[in-house]
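I have placed the structure first, in the form of structure tokens, so that the comments after it can refer back to it.
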Amino acid sequence: MIVKKTAFVALMLVVLALTLTAPAFAQPKIIFDTDFGGDADDLGALVMLHNLHNRGECELLAIMSWSTEEYVIPAMDGVNRYYGNPDVPMGIRHRDAHHLDWNYNRPIADALPHERTNDDVPLAVDLYRQILAQQDDQSVTVVTVGPLRNIEDLLRSEPDEHSSLPGKELVEEKVEKFVIMGGHFPEGTNEWNFNGNMPGVTQYVLEELPVPVVFSGYEIGSQIQTGAAFNEIDPENPLYVGYKHFSEYAPWMRDRYEGEILDNASYDQTAVLYAVRGGLGVYWDKVEDGYCVADENGDNRWVEGDNGDHAYLVLREDPDEIARLILDIKLDEF
Ligand SMILES: [Ca+2]
């Protein structure tokens, strides 16, 4: 009897040890698709991902650039190295050259050591196929915080040396879900990621994506203001360099600029926060009864009904509290 009891206690200790060492939830494997260089929220979101990756809360599998601006890969390579992750694969969109004269890529590339240029990285569609083919089934979370052209290219892609599946089937097999920053909910017009000066792209992607999608709309991130706190950090930190340049030159910021970094909406950071931390019932709730449709211009609306795998977030927590949380993750003080 004593032997049995001892064995039982030992078994319980093993169970307890396994419980304590196992993660509370599966670590999300994330592909981050970004129009880095325009709005500073992409920079904030990428820094969040590096810190969350470094703390073991997620695995940053790859970064895909929607932007084709000359210094976008050098800038992101510099950020990746600054946060100790120089080997994160990057891909870039293959057409529709995009340039903004107020872009913060050049200042970041000038400030940070980097080795890769736009010519050194594969096309995003090829890298998507390569990375997805290597992953377990239904294991990848794709977080998009820019226009959706890379996703359209992926869905339309043909079998290649990486996978015998066409793009849509490859996505269906490997991707658990998409988290998309874009649009307005329940409806709205002229949001950049959904419009993106590329007619038909969002409409196609939303109709064709064969996996669940959670949207974080414009109305969520616009209430969550972050940036001014970076006035207090090391001037060589990429957050300081990027947000400072953005505050000084972005068309909707520069009139208010008086030498200090200004607060800015945190659209893209909300998609990262949801993808990694979840936070349903705490930061936000999810509306699931229905699906999102977009027209040719990317204007979108929510269609009520139980059809489909779409959901959108509605804010539950005080936006200032979420801003503090996002700031803590960016500055790794959590
Ligand atoms: Ca963005």
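Atom set for the values below is all heavy atoms of this structure, side chains included, hydrogens, waters and symmetry mates excluded. Whatever order the structure lists them in is the order used to number ligands and atoms, beginning at 1. Given the structure is predicted, the values throughout are model-derived calculations rather than measurements. Quick note: residue numbers are just sequence positions, from 1.
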(request) Answer with yes or no whether the hydrophobic clustering places L155 together with L123; edges join I, L, V, M, F, W, Y residues whose side-chain heavy atoms lie under 4.5 Å apart. (result) no
(message) Taking N, O or S atoms only and a limit of 3.0 Å, check whether V145 reaches the Ca ion (ligand 1).
(response) yes
(request) Assess whether atom OH of Y218 is packed by more than 12 heavy atoms of other residues, nucleotides or ligands within 6.0 Å. (result) no
(request) Assess the pair W252 and W192: is the distance between their ring centroids shorter than 6.0 Å? (result) no
(request) Look at D35 and state whether any of its N, O or S atoms is less than 3.0 Å from the Ca ion (ligand 1). (result) yes
(request) May I ask you to check if any N/O/S atom from D41 comes under 3.0 Å of the Ca ion (ligand 1)? (result) no
(message) Between the Ca ion (ligand 1) and D268, which N, O or S atom of the residue is the nearest one?
(response) OD2
(message) Applying salt bridge (charged side-chain N to carboxylate O under 4.0 Å, His left out) to E208 and K168, what does each step give before you reach the verdict?
(response) CA-CA 8 Å; E208 296 296 324; K168 188 172 170 180; 2.8 Å; yes
